[in-house]
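Notes follow the structure.
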Amino acid sequence: VRYVDEFRNAELGQAVAGEILASVDPERHYKLMEICGGHTHAIYKYALDDLLPASVELVHGPGCPVCVIPMGRVDDAIALARTEGLIFTCFGDMLRVPGSQETLLDAKAQGADVRMVYSPLDALRIARENPDREVVFFAIGFETTAPSTALTLKRAKAEGIRNFTCFCNHVTIEPPLRALLEAPDMSLDGFVGPGHVCTVVGTRAFEFIPSQYGRPVVISGFEPLDILQSVLMLVRQLRDGRCEVENQYTRVVPRDGNPLALKVMAEVFEPRPHFEWRGLGSIAHSALALSAAYGDFDAEQRFGVPGVRVEDPKACQCGEVLKGVIKPWECKVFGTACTPEHAIGTCMVSPEGACAAYYNYGRLTRAKEVV
Amino acid sequence: VSAPESVAGGREQRVLEIIETARAKPARFREKRITLAHGAGGKATQTLIEGLFVPAFGTPGGTLAELGDAGAVRAGGAQLAMTTDSFVVKPLRFPGGSIGELAVNGTVNDLAVSGARALALTVSLILEEGLDADVLRAEVRAIADAAQTAGVEIVGGDTKVVERGAADGMYICTSAVGAVDARAKLSSAAIAAGDRVLVSGPIAEHGMAIMLARNLFDLDASIESDTCSLWPAVNALLDACGPQLHCMRDATRGGVASVLNELARAAGVSVTVREADVPLAPSVAAAAELLGIEPMHVANEGRLVAFVAPAVAERALSALRAVAGCEQAALIGAVGEEPPGMVLVETGFGGRRVMDQLVGDPLPRIC
């Protein structure tokens with residue numbers, strides 16, 4: 001962890017901020033979207049907005065895995081969790097995401113055996129330790145987490161573990177970005193690209209953004225200095241009239257990603273024809289289901305789920321927040337009816353959600369501050 | 001660091017003001033069921049206390065509504081303090097301590113940060129049918145040793161045994177009475193703009209030690225619980241500051257962040273913490289980073305947060321550092337007026353953000 005310290009050096013940060021200020025055109029406004037929820041979290045945690053000129057606006061994108069799960073899928077998860085004798089495992093954030101009636105945490109309080117895990121391998125271990133009970137893992141996330149689910153399923157298959165299944169909600173990053181870029185209200189000037197996803201899919205997977213939509217992309221690491229430097233690289237591309245995919249996160253991300261991870265994913269998953277996204281509606285080929293070879297490990301096939309589509313709550317504007325059309329505080333229910341303790345929308349639950357990040361870290365009436 | 005160019009627009013500020021008004025209202029308890037979050041020491045616990053317990057149990061002019069770590073009791077001419085705490089930690093033994101030691105220190109510390117030295121302690125045990133008697137013997141020893149170290153006499157107790165499955169090994173409840181020290185003039189109302197904030201040592205060690213002791217992750221780090229009696233630290237602070245020591249809290253569940261938020265709300269002040277000055281062991285920082293947990297939300301069992309007048313801040317720090325176990329005490333921040341009820345963090349990176357209370361529960365049953 002010593003290694004990360006230099007990426008949190010305040011003097012270096014101020015220096016990069018100074019370069020950003022020197023590189024912006026004072027006449028124009030820069031609307032840049034960070035795609036990944038991890039970036040959103042870091043931007044608020046380190047208050048990076050404080051270091052940027054007013055003309056550079058960071059807009060929070062759709063890359064928070066918890067935020068994009070629609071209510072209908074949460075209801076399905078709760079139905080699975082209530083199955084007699086079943087152990088339902090999931091990441092901590094998902095426990096508090098509201099379905100149409102309740103959360104997994106509520107189901108747990110009423111007797112469902114819901115257990116928080118930190119990785120799919122933990123879920124597999126629980127299955128191994130409870131051979132007479134069915135164990136379901138609630139898989140969520142983009143290409144970042146999909147390989148670990150895939151590897152876990154491969155291991156389950158190799159070990160012949162029969163009581164382990166996966167409720168698969170893995171999604172892919174490209175289709176929602178295309179939906180965003182094709183939306184009539186699209187007003188973004190460039191993208192801070194998701195470093196972790198790119199370790200798997202490579203920077204190549206983002207080349208469609210400059211080539212087809214004419215917007216620059218900089219793939220970024222997750223330390224505050226990484227993000228500032230990526231903003232600088234974007235501002236410079238815009239200043240110089242360039243439009244390409246640049247890689248700020250070269251210490252981790254290769255152009256072709258991780259071929260091994262991609263191979264495992266191709267073996268275990270196949271694209272779903274359609275998947276419903278929170279706030280964004282149904283997007284074709286935007287999610288992964290288990291492939292025929294892994295059909296035995298598919299919780300939806302083994303147990304069946306209600307699969308009822310649930311409209312997003314009327315008051316909730318998660319979709320507009322995910323698309324970067326409105327800022328979290330512009331949502332009608334932000335901070336009053338919808339808070340981290342009693343969330344209406346998914347964006348208020350995960351620490352990577354734009355609304356939760358803003359509520360927990362950014363809720364500053366700056367005009368009143370005294371230093 | 002000031003950033004005039006990022007001053008919030010008028011509309012955003014109005015939204016934020018509405019939110020702060022809503023937050024300043026007393027919490028309401030609206031839930032249908034109790035979840036683990038209600039025991040986590042964060043916002044859900046606060047709704048339970050302020051929305052259910054205080055309205056039911058509090059009396060006008062009584063001590064309960066002050067929500068201190070101990071209640072004040074007047075008996076004849078004597079100023080006494082009384083408190084109670086129960087312990088359900090899993091596992092029963094962990095690096096740096098065990099449930100028995102925790103049960104004594106936790107209660108003694110609630111009195112200590114209220115300015116009272118513990119005089120007498122009662123111990124109630126809830127034991128699960130089938131508990132290994134050697135486990136019980138070891139914890140009885142741990143309770144006796146911790147009581148001796150803390151200088152408190154065990155004057156009574158109770159034992160219940162429940163069916164297998166109805167408890168997890170053993171639970172302990174301790175209650176204690178202490179005499180309020182004549183030097184102590186402590187109250188959240190005494191906190192004023194300009195006060196300095198001290199923490200008595202590196203934070204987040206107890207919670208992190210428990211987390212690692214549960215073997216949920218393949219993470220090897222030698223982190224030990226910080227459980228200890230805080231009376232020596234309190235005694236040193238009272239000596240050094242007298243009435244200039246304004247308020248103290250024991251930063252248990254919900255961590256330093258929850259304590260600061262509670263006091264900022266209670267006193268109607270703001271607290272600004274310099275993140276870089278908060279003492280944190282490298283191993284704890286690394287584990288927290290890997291698990292994505294904010295160290296200021298992690299429980300401590302032997303760390304206090306103190307608010308002192310600025311004039312005595314350096315003296316308080318020296319006094320604290322002279323106490324065994326508090327060598328790494330630090331001044332971590334200061335009290336301001338605006339925005340009232342809020343805790344802000346100056347990040348090591350030069351920005352400022354809000355630091356709220358913990359929502360939900362990263363890990364239940366840590367104490």
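Quick note on labels: first sequence line is chain A, next is B, and so on, each numbered from 1.
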Of A:K45, A:H41, A:K108, A:E330, the largest count of non-hydrogen pairs under 4.5 angstrom with chain B goes to A:K45

Using 4.0 Å as the upper bound for N to carboxylate O, is an ion pair formed by B:E346 and B:R274? no

Any salt bridge linking A:D122 with A:R115? Criterion: basic side-chain nitrogen under 4.0 Å from a carboxylate oxygen. no

Structural part of A:L228 lying under 4.5 Å from a heavy atom of chain B: side chain

Examine whether an atom of A:L48 lies under 4.5 Å from a heavy atom of chain B, and if so say whether it belongs to the side chain, the backbone or both; otherwise answer neither. side chain

The test is side-chain hydrogen bond (donor to acceptor under 3.5 Å, both in side chains); show your working for A:Q229 and A:E19 and say whether it passes. CA-CA 9 Å; A:Q229 199 186 2; A:E19 286 186 61; over 6 Å; no

Part of A:F334 lying under 4.5 Å from any heavy atom of chain B: both

Considering only heavy atoms and a distance below 4.5 Å, find which of B:R30, B:E294, B:E275, B:M355 pairs most often with chain A. B:R30

Using every non-hydrogen atom in the two residues, find where A:V333 and A:A315 come nearest and quote the distance to one decimal. CG1-CB, 3.6 Å

At a heavy-atom separation under 4.5 Å, does B:E31 approach chain A through its side chain, its backbone, both, or neither? side chain

When you measure from the side chain of A:E102 to the backbone N and O of A:P98, does any donor-acceptor pair fall under 3.5 Å? no

